[in-house]
Amino acid sequence: MKTTMKLLIENANKSLLVLVLLSMPFNWSYAQSQLLTFAELTADRTNNWTNDANFTTTIDANNNATNIPRSFSWFIGPGTTDADLLMYLTKIPASGNELHLFGKTVIQNPTWNASWDNLTSWVEGETSFIQSNGDEQGLKISSNTGNKVYIGDSNDQVFFPGNNIGIGIDSPQFKVHANGGFVSDVNGVQVIMGPGKNSTGWIGTLSNSGLFIGTNNTGSNMYLDTSDNVYIGGVQPSDIKTSMRSSYDLFVHNGILSEDYGIGPKATWADYVFNDTYELKTLKEIDEFISVNKHLPNMPSQKSVSENGYNLHEMNVTLLEKIEELMLYTIDQQKELDKLKEDYTGLKKSIHNLQIKPN
């Protein structure tokens, strides 16, 4: 058989075609008993026509009518119908050379240690299949030079119906399990979900872009801008004055409900009211200020609050200032009352003494 194969190769004008034919899976015992010569193999038995010089021939009924040398077909057995067709080589002007195989194509492990270890491809109806059989290592698709590997194109929807999908990891434990982060890049906006610094998780943007977080595809529950400001409840940066955006980090629409909250350490507080150097206004001065400004000294006006709001800590300091000032006024008034009581007691005692003095 090796001698026959050698003769076929030596007599072939196009050795590549012979190698393709010899690599096709078929029954070797049948081939030995029904061995054809090179001329018989390339002859068009329907029209008894061939072109040995260019190694082109056709026994395809679709081409026999015009006798155009276009394809080489290989049938199983003596039949020449489509049901008997195993393969054909053809050159199509629009797409070039093509090799068509009919049935399943099996790529076998060359050691034949396990005949079921193979890669099989076939077509059923309008569905194409590539399947790894009996291989515990699975199906690997890669580029030997480390270049790009594409699955589908912009017109395709790619489905992964398997149990778990691993990206950069051999044993995925979740539906999608990646060794690294996921990045979405659309029109220059890059959003990443992955590991952060110091063993933390991170969701954010790699580009100079804000990030919306929302539910039900109805809007934004939260927005993070590129200045590290956070907007909650649908409020947008354009709703907030620039001066306020530079002074605060969190902006909330419709308020916050909480059982408790705390304010971090601050250096400012209103205890300066009790310093000996503090200039406490007289009540007369307070009365004159209120008559003109319609609000207490150091307190924001209604117009200011309606336009600019107010700082909670600063307001707490100012309110405490007023409480402590009221306490000083109360203490002074108490001192005056005590002095009046003392004076009254003295006057009363003097009057009593005058009443009991003998004539």
Side-chain angles (χ1 to χ4, degrees), residues 181-184 189-216 218-281 285-286 289-290 293-332:
F182 291 94
V183 177
S184 170
V189 178
Q190 298 175 332
V191 181
I192 181 174
M193 178 177 66
K197 298 179 180 179
N198 302 322
S199 300
T200 59
W202 199 76
I203 300 176
T205 60
L206 298 177
S207 55
N208 188 26
S209 311
L211 178 67
F212 283 98
I213 300 176
T215 59
N216 201 30
T218 57
S220 171
N221 298 96
M222 181 182 297
Y223 175 71
L224 291 75
D225 68 13
T226 55
S227 300
D228 295 330
N229 293 328
V230 180
Y231 305 83
I232 297 177
V235 62
Q236 299 295 317
S238 59
D239 300 330
I240 309 298
K241 290 184 176 180
T242 303
S243 59
M244 299 184 70
R245 292 203 303 269
S246 62
S247 300
Y248 303 97
D249 293 331
L250 177 63
F251 304 91
V252 181
H253 181 63
N254 287 337
I256 300 174
L257 175 63
S258 173
E259 291 185 354
D260 194 9
Y261 67 92
I263 296 179
K266 289 285 187 178
T268 56
W269 203 232
D271 289 347
Y272 53 80
V273 173
F274 298 134
N275 293 337
D276 294 337
T277 57
Y278 183 72
E279 296 182 359
L280 181 66
K281 296 181 181 298
E285 291 173 329
I286 298 295
F289 183 91
I290 293 175
N293 299 283
K294 307 304 180 184
H295 64 84
L296 289 172
N298 293 341
M299 292 292 291
S301 66
Q302 179 179 348
K303 184 175 184 297
S304 175
V305 172
S306 63
E307 293 178 354
N308 303 308
Y310 62 88
N311 182 288
L312 182 60
H313 174 70
E314 292 178 357
M315 180 60 70
N316 286 339
V317 172
T318 304
L319 290 174
L320 180 60
E321 175 188 283
K322 300 309 166 188
I323 292 173
E324 292 182 347
E325 287 179 346
L326 285 173
M327 183 59 65
L328 290 178
Y329 291 132
T330 302
I331 291 173
D332 288 342

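Residues satisfying the side chain to side chain contact (heavy atoms under 4.5 Å, CB included) test with Val189, not counting sequence neighbours, are Val191, Ser207, Ser209. Tyr329 meets the ring-ring contact (aromatic ring centres under 6.0 Å, His included) test with no other residue; sequence neighbours excluded. Partners of Tyr248 by side chain to side chain contact (heavy atoms under 4.5 Å, CB included), not counting sequence neighbours, listed by chain and number: Met244, Phe251, Asn311. Thr330 is linked by a side chain to side chain contact (heavy atoms under 4.5 Å, CB included) to nothing, counting only residues two or more places apart in sequence or in another chain. Shown here are the side chain to side chain contact (heavy atoms under 4.5 Å, CB included) partners of Met315, two or more places apart in sequence or in another chain: Met299, Pro300, Tyr310, Leu319. Looking at residues two or more places apart in sequence or on another chain, you find no ring-ring contact (aromatic ring centres under 6.0 Å, His included) involving His313.
Identified under the salt bridge (charged side-chain N to carboxylate O under 4.0 Å, His left out) test for residues 296-320, with sequence neighbours left out: Lys303-Glu307. Note on residues 232-258: no pairs pass salt bridge (charged side-chain N to carboxylate O under 4.0 Å, His left out), not counting sequence neighbours.
The two atoms that bring Gly214 and Asn221 nearest to each other are CA-OD1, 3.1 Å, heavy atoms only. In terms of heavy-atom proximity, Thr318 sits nearest to Asn298 at CG2-O, 3.3 Å. A pairwise comparison of heavy atoms in Thr268 and Val317 identifies O-CG2, 4.0 Å as the closest pair. Minimum interatomic distance between Tyr223 and Pro237 (heavy atoms only, all atoms of both residues): CE2-CG, 3.6 Å.
In this structure, the separation between CE on Met327 and CD1 on Ile323 is 8.5 Å, given to the nearest 0.5 Å. For the atom pair CE (Met193) and CD1 (Ile203), the distance works out to 6.0 Å, reported to the nearest 0.5 Å. For the atom pair OG of Ser243 and CD1 of Ile240, the computed distance is 10.0 Å after rounding to the nearest 0.5 Å.
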Can you give the donor-acceptor pairs under 3.5 Å from side chains of residues 270-281 to other protein atoms, not counting sequence neighbours?
residue	atom	partner	partner atom	Å
Tyr272	OH	Glu321	OE1	2.4
Tyr278	OH	Glu325	OE2	2.3

Under 3.5 Å, sequence neighbours excluded: what are the donor-acceptor pairs made by side chains of residues 252-262?
residue	atom	partner	partner atom	Å
Ser258	OG	Asp260	N	3.2
Ser258	OG	Asp260	O	2.5

